[in-house]
Amino acid sequence: QVQLVESGGGLVQAGGSLRLSCAASGRTFSRYNIGWFRQAPGKEREFVAAVIWSGLNTVYSDSVKGRFTISRDNAKNTVDLQMNSLKSEDTAVYYCAVYARMYTDFVSGDPLTYDYWGQGTQVTVSS
């Protein structure tokens, strides 16, 4: 079992920044890739960014590339998502999730391949 808790969401004006954090417990965190996803009302859950188990590779969706930065601290069992230059279309509930396989350099953007999820944190960007 693994537990994930997201924090850091809130209300921000367009152009502003937020930093989300995902704290993990219950599994050897450093063995797994971690992804951030988001879901806006009426839309499907979409991939935002992921970092591999070692922290040596990151992948971003085209919609956030250059604005968001994902990072991890395996000593603290946390993964952060720094979000800059926020836009109204970034408004969504943001979730972190653990990839199902360990020690892989393959990054999946498919939410079905992630088997543990946090409860989500709301990000609202006002225009």
Side-chain angles (χ1 to χ4, degrees):
Q1 290 291 329
V2 64
Q3 294 80 42
L4 300 173
V5 178
E6 301 97 337
S7 60
L11 174 63
V12 64
Q13 288 187 334
S17 298
L18 281 175
R19 188 176 184 89
L20 305 183
S21 186
C22 173
S25 62
R27 179 186 271 191
T28 307
F29 177 79
S30 61
R31 299 177 181 177
Y32 296 90
N33 300 356
I34 304 296
W36 280 97
F37 294 79
R38 66 187 182 187
Q39 188 166 19
K43 295 187 177 181
E44 294 187 351
R45 191 165 297 188
E46 66 169 342
F47 172 77
V48 174
V51 57
I52 68 168
W53 60 277
S54 63
L56 294 180
N57 189 31
T58 57
V59 176
Y60 300 90
S61 68
D62 288 343
S63 61
V64 307
K65 196 174 297 182
R67 301 188 296 123
F68 291 12
T69 303
I70 189 172
S71 60
R72 70 188 296 161
D73 186 336
N74 285 339
K76 296 182 179 179
N77 281 7
T78 58
V79 174
D80 290 347
L81 185 68
Q82 177 67 43
M83 306 186 297
N84 298 329
S85 303
L86 283 162
K87 306 175 181 179
S88 57
E89 51 262 44
D90 295 318
T91 295
V93 178
Y94 284 71
Y95 302 88
C96 62
V98 179
Y99 187 59
R101 292 173 55 201
M102 68 174 76
Y103 292 132
T104 177
D105 291 344
F106 171 73
V107 176
S108 170
D110 181 356
L112 295 178
T113 60
Y114 289 76
D115 59 357
Y116 288 98
W117 293 79
Q119 82 290 347
T121 185
Q122 176 71 47
V123 171
T124 303
V125 183
S126 63
S127 56

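One is the number of the first residue; the rest follow in order along the sequence.
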Just by modelled atom types, is the Ser108 backbone N or O under 3.5 Å from a matching donor or acceptor in the Tyr114 side chain? yes
What are the two closest heavy atoms between Trp36 and Ile70, and how far apart are they? CD1-CD1, 3.5 Å
Check this for me: does any side-chain nitrogen of one of Lys65 and Asp62 sit under 4.0 Å from a carboxylate oxygen of the other? yes
Same cluster for Val123 and Leu11 if Ile/Leu/Val/Met/Phe/Trp/Tyr side chains link at under 4.5 Å? no
So, Glu6 side chain and Gln119 main chain: donor-acceptor pair closer than 3.5 Å or not? yes
Taking the side chain from Thr104 and the backbone from Arg101, do they hold a donor-acceptor pair closer than 3.5 Å? no
Sub-6.0 Å ring centroid separation between Trp53 and Tyr32: no
Once the angle between the rings of Phe68 and Tyr94 is folded into 0 to 90°, is it parallel (under 30°), tilted (30 to 60°) or perpendicular (over 60°)? tilted
Out of curiosity, does Leu18 fall in the hydrophobic cluster containing Val5 (side-chain heavy atoms, cut-off under 4.5 Å, transitive links)? no
Counting only N and O atoms by type, is there a donor-acceptor contact under 3.5 Å from the side chain of Asp105 to the main-chain atoms of Ile52? no
Salt-bridge present (Asp80, Arg19; N to O < 4.0 Å): yes
Please check if any side-chain donor atom of Gln3 sits under 3.5 Å from a side-chain acceptor atom of Ser25, or the reverse. yes
